[in-house]
J.: 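Before we start, here is the structure in question, set down as structure tokens.
A note on names: the letters A, B, ... follow the listed sequences, proteins ahead of strands, and every chain is numbered from 1. These numbers come from the heavy atoms of this one structure, side chains and all, not from hydrogens, waters or symmetry mates.
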Amino acid sequence: MPELPEVETIVRGLKKVLIYSKIIHIYKSKYNLRISYTKNFETELLDSKIINVYRLAKYIIIETDFGKSIIIHLGMSGRLLFQNSIYKKHQKHDHVVFHLSDNKSIIYNDPRRFGLVQFIKNSDIFQNKLFKDLGIEPFSKDLNYKYFASKIKNKNASIKQFLMNNQNIVGIGNIYANEILHLAKISPFKSVKYLNTHEIKILIESIKIILNNAIIAGGSSLKDYIAPNGMLGNFQSYFKVYNRENKDCFNCKKGRIIKTTLCQRSTYYCIYCQKIN
DNA sequence: ATGATGTCCTGGGCGC
DNA sequence: TGCGCCCAGGACATCA
């Protein structure tokens with residue numbers, strides 16, 4: 001489900017409303033998520049205060065004054081909702097509810113349960129296996145030609161697969177990989193070993209542009225994603241290739257958008273302006 | 001080590 | 001209306 005722009009939107013929304021709230025009750029459903037809940041999940045952070053909310057890759061990190069953070073990943077279908085009132089009406093697939101002071105609540109809902117909610121000591125976050133192999137943040141200054149070139153060295157993967165691999169660059173999922181490659185006018189099938197200097201530079205720019213524009217639009221709302229306040233993002237109305245099978249290309253006005261499969265994920269590209277050579 | 005494939009799950013949409 | 005099939009914003013494990 002959510003890629004970096006959606007997670008970033010959620011984090012910005014939560015940051016406005018959660019700081020200094022105290023956790024007074026934690027509910028979890030009987031179903032496990034992708035990773036089992038941390039031990040003492042329902043009691044560990046009781047009475048702690050939320051002191052920060054931030055994003056790492058596609059993870060939402062809610063930091064408490066107990067020196068521990070709540071780590072949330074939304075998987076494909078997860079949602080995080082905020083309510084300015086005590087949450088009583090449980091919906092199907094509500095798996096975790098944090099009841100906070102001032103009658104606020106945060107609700108984690110995830111039909112497919114591919115996500116996770118964990119508590120991790122702040123000092124252990126980067127040693128944790130969820131985080132230790134993550135690549136660079138796309139808005140980092142260090143995402144530059146040198147970094148990119150070093151990462152693609154000796155690799156044979158397609159560029160789309162490379163972009164979606166969190167060990168290279170974090171936060172890019174299937175939608176934005178498609179959009180980034182279209183903006184860069186590079187075929188998703190192109191092997192990273194054939195990318196030239198110019199293409200790499202354009203790609204780096206395209207990553208930043210697409211993700212930034214998506215954040216400005218509040219993310220993309222297809223089926224599952226809505227911001228914690230219930231608002232829908234609208235970047236989907238700016239999609240140039242994703243979900244545009246057989247439509248004309250906005251970019252070159254000559255080609256048509258093709259839908260195909262690459263690495264078992266639906267892949268959209270313009271047959272004219274994203275040629276492999 | 002790398003890349004391809006399978007797997008965890010539920011629900012929506014489609015064709016019959 | 002109902003059934004079976006395929007598809008879905010992710011991330012891993014496993015295998016050659």
Side-chain angles (χ1 to χ4, degrees), chain A residues 1-11 29-36 55-60 71-80 91-95 108-118 128-135 138 150-181 188-194 207 210-211 213-215 217-227 232-245 259-268:
Chain A
M1 167 262 161
E3 305 180 36
L4 183 146
E6 291 74 38
V7 177
E8 181 66 28
T9 302
I10 291 168
V11 162
S29 77
K30 62 181 177 176
Y31 297 103
N32 253 326
L33 303 177
R34 179 162 62 84
I35 296 179
S36 302
R55 178 189 60 74
L56 280 177
K58 293 175 190 162
Y59 295 89
I60 298 157
I71 312 289
I72 300 171
H73 193 288
L74 301 169
M76 289 279 251
S77 56
R79 285 180 185 186
L80 205 55
Q91 307 287 316
K92 202 173 178 186
H93 309 302
D94 283 348
H95 295 302
Y108 176 86
N109 181 290
D110 186 1
R112 295 175 76 180
R113 309 205 301 275
F114 287 177
L116 59 88
V117 182
Q118 297 277 296
N128 189 283
K129 88 175 180 184
L130 296 172
F131 296 92
K132 70 179 170 54
D133 295 322
L134 289 179
S150 73
K151 275 286 181 182
I152 64 177
K153 212 176 159 191
N154 300 325
K155 290 214 172 90
N156 197 29
S158 68
I159 180 59
K160 182 164 181 252
Q161 187 181 9
F162 177 86
L163 290 178
M164 290 178 64
N165 184 341
N166 279 322
Q167 295 184 13
N168 302 319
I169 302 160
V170 300
I172 303 172
N174 196 38
I175 290 179
Y176 296 110
N178 280 300
E179 295 296 324
I180 288 163
L181 288 165
F189 291 91
K190 189 158 191 163
S191 165
V192 292
K193 69 181 172 190
Y194 298 127
I207 290 167
I210 291 286
L211 295 180
N213 287 346
I215 291 170
S220 305
S221 297
L222 295 185
K223 291 195 196 100
D224 298 313
Y225 168 73
I226 47 176
L232 300 172
N234 75 333
F235 189 73
Q236 66 280 7
S237 53
Y238 299 100
F239 287 167
K240 298 284 200 303
V241 280
Y242 191 83
N243 267 351
R244 294 198 65 248
E245 186 180 11
K259 180 183 185 184
T260 181
T261 300
L262 172 56
C263 302
Q264 294 173 305
R265 307 302 298 271
S266 42
T267 299
Y268 299 84

J.: Can you sort out the partners of A:His93 under side-chain contact (heavy atoms from CB on, under 4.5 Å), two or more places apart, ordered by chain and number?
T.: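 Checked A:His93 against side-chain contact (heavy atoms from CB on, under 4.5 Å); matches are A:His95, A:Asn109, A:Pro111.
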
J.: In whole Å, what is the span from the CZ atom of A:Arg79 to the C1' atom of B:dG11?
T.: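 The distance from CZ of A:Arg79 to C1' of B:dG11 comes to 12 Å, rounded to the nearest Å.
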
J.: Distances under 3.5 Å between protein N/O atoms and the N/O atoms of nucleotides 14-16 of chain C, please, pair by pair.
T.:
none

J.: Output all residues satisfying salt bridge (charged side-chain N to carboxylate O under 4.0 Å, His left out) with A:Glu8, sequence neighbours left out; order by chain, then residue number.
T.: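 For A:Glu8 the salt bridge (charged side-chain N to carboxylate O under 4.0 Å, His left out) partners, ignoring immediate neighbours, are A:Arg12, A:Arg55.
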
J.: Within this structure, what is the NZ-to-C1' distance between A:Lys92 and B:dG11, rounded to whole angstrom?
T.: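 Rounded to whole Å, this separation is 9 Å.
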
J.: For DNA chain B, which consecutive runs of 3 or more Watson-Crick or G-U pairs (each distance under 3.5 Å) count as stems?
T.: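 Stem segments, range with range: B:2-8 with C:10-16, B:10-16 with C:2-8.
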
J.: Collect all protein-nucleotide pairs involving nucleotides 2-6 of chain B in which both atoms are nitrogen or oxygen and the distance is under 3.5 Å.
T.:
unit_1, atom_1, unit_2, atom_2, d
B:dG3, OP1, A:Asn156, N, 2.4
B:dG3, OP1, A:Ala157, N, 2.8
B:dA4, OP2, A:Gln161, OE1, 3.1
B:dG6, N7, A:Gln264, OE1, 3.2

J.: Excluding sequence neighbours, so at least two apart, what forms ring pair (Phe, Tyr, Trp, His ring centres under 6.0 Å) with A:Tyr242?
T.: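 So A:Tyr242 forms a ring pair (Phe, Tyr, Trp, His ring centres under 6.0 Å) with A:Phe239, A:Tyr268.
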
J.: Which nucleotide sits closest to the side chain of A:Phe114: C:dC7, B:dG11, B:dC9?
T.: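 The answer is B:dC9.
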
J.: Got a list of protein N/O to nucleotides 11-13 of chain C N/O distances below 3.5 Å?
T.:
unit_1, atom_1, unit_2, atom_2, d
C:dA11, OP1, A:His73, NE2, 2.8
C:dA11, OP1, A:Asn166, ND2, 3.3
C:dA11, OP2, A:Lys58, NZ, 2.8
C:dA11, OP2, A:Asn166, ND2, 2.8

J.: Return the set of residues passing side-chain contact (heavy atoms from CB on, under 4.5 Å) with A:Asn128 (not counting sequence neighbours), or none when no residue passes.
T.: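 Checked A:Asn128 against side-chain contact (heavy atoms from CB on, under 4.5 Å); matches are A:Ile120, A:Leu130, A:Phe131.
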
J.: List in chain and number order the residues that pass ring pair (Phe, Tyr, Trp, His ring centres under 6.0 Å) with A:Phe189, two or more places apart in sequence or in another chain; answer none if no residue qualifies.
T.: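 Only A:Tyr269 meet the ring pair (Phe, Tyr, Trp, His ring centres under 6.0 Å) criterion with A:Phe189.
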
J.: Suppose we screen for side-chain contact (heavy atoms from CB on, under 4.5 Å). Which residues come up paired with A:Ala57, at least two apart in sequence or across chains?
T.: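 Scan of A:Ala57 (side-chain contact (heavy atoms from CB on, under 4.5 Å), adjacent residues dropped) gives A:Tyr59, A:Leu134, A:Glu137, A:Val170.
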
J.: Sequence neighbours excluded, which residues qualify as salt bridge (charged side-chain N to carboxylate O under 4.0 Å, His left out) partners of A:Lys190?
T.: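 A:Lys190: salt bridge (charged side-chain N to carboxylate O under 4.0 Å, His left out) contacts with A:Glu199.
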
J.: Starting from C1' on C:dG10, measure out to OH on A:Tyr176 and report it in whole angstrom.
T.: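 The answer, rounded to whole Å, is 15 Å.
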
J.: Would you indicate what A:Tyr242 reaches in the nucleic acid, counting non-hydrogen atoms under 4.0 angstrom: base, sugar-phosphate, or nothing?
T.: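 It contacts sugar-phosphate atoms only.
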
J.: Residues in side chain to side chain donor-acceptor pair (under 3.5 Å) with A:Tyr108, at least two apart?
T.: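 Here the qualifying residues are A:Asp110.
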
